[in-house]
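Take a look at the structure set out below.
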Amino acid sequence: KNEVEQSPQNLTAQEGEFITINCSYSVGISALHWLQQHPGGGIVSLFMLSSGKKKHGRLIATINIQEKHSSLHITASHPRDSAVYICAVRGRKLTFGTGTRLTIIP
Amino acid sequence: AAGVIQSPRHLIKEKRETATLKCYPIPRHDTVYWYQQGPGQDPQFLISFYEKMQSDKGSIPDRFSAQQFSDYHSELNMSSLELGDSALYFCASSTRSGERGDEQFFGPGTRLTVL
(Lines give C-alpha, C1' and ligand atoms only; values in the text may rest on other atoms or scores of the structure.)
Protein backbone atom coordinates (compact mmCIF):
# COMPACT_ATOMS: atom_id res chain seq x y z
CA LYS A 1 0.00 0.00 0.00
CA ASN A 2 1.43 3.36 -1.00
CA GLU A 3 2.02 5.90 1.73
CA VAL A 4 0.23 8.51 -0.37
CA GLU A 5 -2.79 7.62 -2.42
CA GLN A 6 -4.74 9.83 -4.76
CA SER A 7 -8.13 9.47 -6.33
CA PRO A 8 -9.23 9.43 -8.98
CA GLN A 9 -6.24 8.40 -11.08
CA ASN A 10 -7.82 9.88 -14.18
CA LEU A 11 -10.53 12.49 -14.46
CA THR A 12 -12.15 13.92 -17.56
CA ALA A 13 -14.62 16.76 -17.20
CA GLN A 14 -16.33 19.44 -19.24
CA GLU A 15 -15.13 23.01 -19.12
CA GLY A 16 -16.77 24.85 -16.25
CA GLU A 17 -17.25 21.84 -14.00
CA PHE A 18 -16.20 21.80 -10.36
CA ILE A 19 -13.28 19.42 -9.86
CA THR A 20 -12.23 17.58 -6.71
CA ILE A 21 -9.07 15.52 -6.35
CA ASN A 22 -8.47 13.61 -3.15
CA CYS A 23 -5.31 12.59 -1.33
CA SER A 24 -5.00 10.23 1.61
CA TYR A 25 -1.79 9.46 3.44
CA SER A 26 -0.77 6.98 6.07
CA VAL A 27 2.31 8.56 7.63
CA GLY A 28 2.91 11.45 9.99
CA ILE A 29 3.60 14.63 8.11
CA SER A 30 4.62 18.20 8.76
CA ALA A 31 3.05 19.56 5.59
CA LEU A 32 1.32 18.53 2.40
CA HIS A 33 2.01 19.88 -1.07
CA TRP A 34 -0.21 20.03 -4.11
CA LEU A 35 1.80 20.14 -7.32
CA GLN A 36 0.86 20.52 -10.97
CA GLN A 37 2.83 18.80 -13.71
CA HIS A 38 2.19 19.64 -17.34
CA PRO A 39 3.14 17.51 -20.37
CA GLY A 40 6.84 18.04 -20.88
CA GLY A 41 7.39 17.58 -17.19
CA GLY A 42 7.71 20.91 -15.40
CA ILE A 43 6.36 20.85 -11.85
CA VAL A 44 4.67 23.87 -10.31
CA SER A 45 3.98 24.15 -6.61
CA LEU A 46 0.32 25.09 -6.09
CA PHE A 47 -0.03 24.90 -2.33
CA MET A 48 1.75 23.84 0.78
CA LEU A 49 -0.50 23.43 3.79
CA SER A 50 -0.32 21.97 7.24
CA SER A 51 -3.83 22.79 8.44
CA GLY A 52 -7.12 24.24 7.32
CA LYS A 53 -7.65 25.64 3.89
CA LYS A 54 -5.89 27.77 1.31
CA LYS A 55 -7.27 29.49 -1.76
CA HIS A 56 -5.51 30.86 -4.80
CA GLY A 57 -7.67 32.04 -7.66
CA ARG A 58 -9.87 29.16 -8.76
CA LEU A 59 -7.93 26.64 -6.71
CA ILE A 60 -8.78 25.63 -3.16
CA ALA A 61 -6.89 23.13 -1.02
CA THR A 62 -8.05 21.70 2.27
CA ILE A 63 -6.46 19.35 4.73
CA ASN A 64 -7.79 17.35 7.66
CA ILE A 65 -4.83 16.29 9.76
CA GLN A 66 -6.86 13.97 12.02
CA GLU A 67 -8.29 12.08 9.04
CA LYS A 68 -4.99 12.27 7.07
CA HIS A 69 -6.82 13.55 4.04
CA SER A 70 -6.53 16.50 1.71
CA SER A 71 -8.56 17.70 -1.24
CA LEU A 72 -7.78 19.97 -4.15
CA HIS A 73 -10.73 21.74 -5.72
CA ILE A 74 -10.85 23.61 -9.01
CA THR A 75 -13.79 25.87 -9.65
CA ALA A 76 -14.93 26.86 -13.16
CA SER A 77 -12.46 24.43 -14.72
CA HIS A 78 -10.77 25.39 -17.97
CA PRO A 79 -8.90 23.36 -20.60
CA ARG A 80 -5.63 24.96 -19.48
CA ASP A 81 -6.15 23.22 -16.11
CA SER A 82 -5.46 19.93 -17.90
CA ALA A 83 -2.40 18.47 -16.22
CA VAL A 84 -1.31 15.88 -13.71
CA TYR A 85 -1.96 16.94 -10.14
CA ILE A 86 0.31 15.44 -7.54
CA CYS A 87 -0.10 15.31 -3.79
CA ALA A 88 3.19 15.09 -1.88
CA VAL A 89 3.59 14.80 1.87
CA ARG A 90 6.55 16.04 3.83
CA GLY A 91 7.82 13.92 6.64
CA ARG A 92 11.55 13.27 6.75
CA LYS A 93 11.42 13.59 2.98
CA LEU A 94 8.88 14.47 0.34
CA THR A 95 6.82 11.44 -0.67
CA PHE A 96 4.76 11.76 -3.80
CA GLY A 97 1.40 10.33 -4.68
CA THR A 98 0.85 8.69 -8.04
CA GLY A 99 -0.90 11.73 -9.47
CA THR A 100 -4.29 12.45 -10.95
CA ARG A 101 -4.43 13.09 -14.67
CA LEU A 102 -7.05 15.77 -15.28
CA THR A 103 -8.41 16.50 -18.75
CA ILE A 104 -10.83 19.36 -19.23
CA ILE A 105 -12.77 19.23 -22.48
CA PRO A 106 -13.85 22.52 -24.07
CA ALA B 1 10.06 36.33 -9.99
CA ALA B 2 13.19 34.26 -10.37
CA GLY B 3 12.65 30.53 -10.45
CA VAL B 4 14.81 27.47 -10.06
CA ILE B 5 17.08 27.01 -13.05
CA GLN B 6 18.34 23.66 -14.24
CA SER B 7 20.84 22.91 -16.94
CA PRO B 8 20.97 21.33 -19.31
CA ARG B 9 17.28 20.85 -20.08
CA HIS B 10 17.98 17.80 -22.20
CA LEU B 11 20.94 15.46 -22.19
CA ILE B 12 21.69 12.37 -24.20
CA LYS B 13 24.46 10.04 -23.09
CA GLU B 14 25.61 6.54 -23.82
CA LYS B 15 25.91 3.70 -21.33
CA ARG B 16 28.92 3.93 -19.04
CA GLU B 17 29.36 7.65 -19.70
CA THR B 18 29.17 10.33 -17.03
CA ALA B 19 26.78 13.25 -16.72
CA THR B 20 26.63 16.38 -14.60
CA LEU B 21 23.33 18.12 -13.93
CA LYS B 22 23.25 21.61 -12.48
CA CYS B 23 20.67 23.35 -10.35
CA TYR B 24 20.53 27.04 -9.48
CA PRO B 25 18.09 27.70 -6.62
CA ILE B 26 15.88 30.71 -6.18
CA PRO B 27 17.94 33.60 -4.75
CA ARG B 28 18.19 33.42 -0.94
CA HIS B 29 17.05 29.80 -0.89
CA ASP B 30 19.48 27.73 1.16
CA THR B 31 18.15 24.22 0.60
CA VAL B 32 18.29 22.16 -2.57
CA TYR B 33 16.59 18.83 -3.29
CA TRP B 34 17.13 16.38 -6.14
CA TYR B 35 14.42 14.06 -7.46
CA GLN B 36 14.34 11.41 -10.17
CA GLN B 37 11.16 10.69 -12.12
CA GLY B 38 11.27 7.64 -14.36
CA PRO B 39 8.84 7.25 -17.27
CA GLY B 40 5.32 6.90 -15.91
CA GLN B 41 6.56 6.94 -12.32
CA ASP B 42 6.29 9.21 -9.31
CA PRO B 43 9.23 11.45 -8.51
CA GLN B 44 11.61 9.80 -6.07
CA PHE B 45 13.73 11.76 -3.64
CA LEU B 46 17.46 11.38 -4.19
CA ILE B 47 19.31 13.77 -1.89
CA SER B 48 19.12 17.21 -0.31
CA PHE B 49 21.50 19.88 0.91
CA TYR B 50 21.10 22.66 3.46
CA GLU B 51 23.73 25.36 3.73
CA LYS B 52 26.14 23.33 1.59
CA MET B 53 25.91 20.24 3.80
CA GLN B 54 24.05 17.07 2.89
CA SER B 55 20.85 17.13 4.93
CA ASP B 56 19.08 13.98 3.82
CA LYS B 57 19.62 11.05 1.53
CA GLY B 58 17.05 9.01 -0.34
CA SER B 59 17.33 6.40 -3.04
CA ILE B 60 20.46 7.78 -4.66
CA PRO B 61 22.65 5.11 -6.26
CA ASP B 62 26.29 4.90 -5.21
CA ARG B 63 27.23 5.82 -8.80
CA PHE B 64 25.73 9.25 -8.20
CA SER B 65 27.12 12.02 -6.07
CA ALA B 66 26.05 15.56 -5.44
CA GLN B 67 27.20 18.68 -3.71
CA GLN B 68 26.08 22.21 -2.98
CA PHE B 69 28.52 25.02 -3.59
CA SER B 70 29.20 28.30 -1.78
CA ASP B 71 26.80 30.16 -4.12
CA TYR B 72 24.15 27.53 -3.20
CA HIS B 73 23.97 26.00 -6.64
CA SER B 74 24.10 22.23 -6.70
CA GLU B 75 25.45 19.63 -9.08
CA LEU B 76 24.42 16.02 -9.46
CA ASN B 77 27.19 13.88 -10.87
CA MET B 78 26.24 10.59 -12.43
CA SER B 79 28.82 8.02 -13.46
CA SER B 80 28.71 4.66 -15.23
CA LEU B 81 25.34 5.56 -16.66
CA GLU B 82 22.85 2.76 -17.20
CA LEU B 83 19.80 2.58 -19.41
CA GLY B 84 17.63 2.69 -16.29
CA ASP B 85 19.01 6.11 -15.38
CA SER B 86 16.95 7.62 -18.20
CA ALA B 87 14.55 9.88 -16.38
CA LEU B 88 13.52 13.42 -15.64
CA TYR B 89 15.69 14.86 -12.89
CA PHE B 90 14.13 17.65 -10.89
CA CYS B 91 15.78 20.06 -8.56
CA ALA B 92 13.78 22.02 -5.99
CA SER B 93 14.80 24.75 -3.60
CA SER B 94 13.40 26.17 -0.41
CA THR B 95 14.14 28.49 2.44
CA ARG B 96 13.20 28.05 6.08
CA SER B 97 12.06 31.62 6.55
CA GLY B 98 9.24 33.79 5.29
CA GLU B 99 5.63 33.32 4.33
CA ARG B 100 6.38 30.34 2.14
CA GLY B 101 9.07 28.88 4.31
CA ASP B 102 9.90 25.20 3.67
CA GLU B 103 7.77 25.15 0.53
CA GLN B 104 9.69 23.53 -2.28
CA PHE B 105 9.84 25.28 -5.64
CA PHE B 106 10.69 23.03 -8.53
CA GLY B 107 12.89 23.59 -11.53
CA PRO B 108 11.82 22.59 -15.05
CA GLY B 109 13.84 19.39 -14.89
CA THR B 110 16.62 17.85 -16.93
CA ARG B 111 15.53 15.05 -19.20
CA LEU B 112 18.35 12.51 -19.35
CA THR B 113 18.29 9.83 -22.01
CA VAL B 114 20.83 7.04 -21.82
CA LEU B 115 21.32 5.10 -25.05
Side-chain angles (χ1 to χ4, degrees), chain A residues 1-10 21 23-57 59 61 63 70 72 83-101, chain B residues 1 3-11 21 23 25-26 29 31-50 54-60 86-113:
Chain A
K1 191 181 192 303
N2 292 332
E3 292 178 334
V4 183
E5 295 204 335
Q6 288 183 234
S7 63
Q9 289 188 350
N10 293 283
I21 299 170
C23 174
S24 297
Y25 53 93
S26 57
V27 295
I29 69 168
S30 56
L32 182 144
H33 298 252
W34 280 103
L35 309 168
Q36 181 192 55
Q37 185 170 31
H38 278 279
I43 290 181
V44 174
S45 176
L46 299 174
F47 297 102
M48 184 185 77
L49 61 165
S50 52
S51 65
K53 175 179 169 179
K54 284 190 176 180
K55 184 175 189 293
H56 184 246
L59 302 179
I63 188 168
S70 175
L72 176 69
V84 176
Y85 291 84
I86 303 170
C87 166
V89 299
R90 185 157 59 84
R92 203 180 115 253
K93 61 181 177 71
L94 203 57
T95 303
F96 294 79
T98 50
T100 295
R101 184 174 299 278
Chain B
V4 177
I5 297 171
Q6 289 188 247
S7 70
R9 294 292 308 276
H10 301 272
L11 188 58
L21 277 52
C23 170
I26 291 172
H29 279 199
T31 307
V32 167
Y33 312 80
W34 285 99
Y35 298 91
Q36 177 193 57
Q37 185 178 27
Q41 297 179 6
D42 319 327
Q44 296 293 319
F45 170 70
L46 293 179
I47 194 167
S48 63
F49 293 87
Y50 169 66
Q54 181 181 309
S55 55
D56 206 351
K57 194 171 181 179
S59 51
I60 185 169
S86 296
L88 194 55
Y89 290 84
F90 286 105
C91 164
S93 74
S94 69
T95 177
R96 296 185 177 185
S97 61
E99 190 180 318
R100 298 183 80 171
D102 286 335
E103 184 171 355
Q104 294 186 29
F105 294 84
F106 287 80
T110 294
R111 187 170 294 281
L112 172 67
T113 303

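Any value given below was found using the heavy atoms of this structure, including those in side chains, with hydrogens, waters and symmetry copies removed. So that the names make sense, note that chain A is the first sequence line, chain B the second, and so on, each numbered from 1.
- Residues Q37(A) and F90(B) meet the side-chain proximity criterion, which asks for heavy atoms closer than 4.5 Å.
- Both the backbone and the side chain of P43(B) come within contact range of chain A, judged by heavy atoms closer than 4.5 Å.
- In this structure the side chain of F106(B) reaches within 4.5 angstrom of the side chain of L35(A), judged on heavy atoms.
- The nearest pair of heavy atoms linking S45(A) to E103(B) is OG-OE2, 2.7 Å.
- Within 6.0 Å of CZ on R101(A) lie no more than 12 heavy atoms contributed by other residues, nucleotides or ligands.
- Residues satisfying the salt bridge (Lys or Arg N to Asp or Glu O under 4.0 Å) criterion with D42(B), sequence neighbours excluded, are absent altogether.
- Separating the CZ atom in R90(A) from the OG atom in S94(B) is a distance of 7.5 Å, to the nearest 0.5 Å.
- Residue contact with chain A, scored on non-hydrogen atoms closer than 4.5 Å, involves the side chain of Y35(B) exclusively.
- Neither the backbone nor the side chain of Q41(B) comes within contact range of chain A; no heavy atom of the residue lies under 4.5 Å from a heavy atom of that chain.
- T95(B) meets the side chain to side chain donor-acceptor pair (under 3.5 Å) test with S97(B); sequence neighbours excluded.
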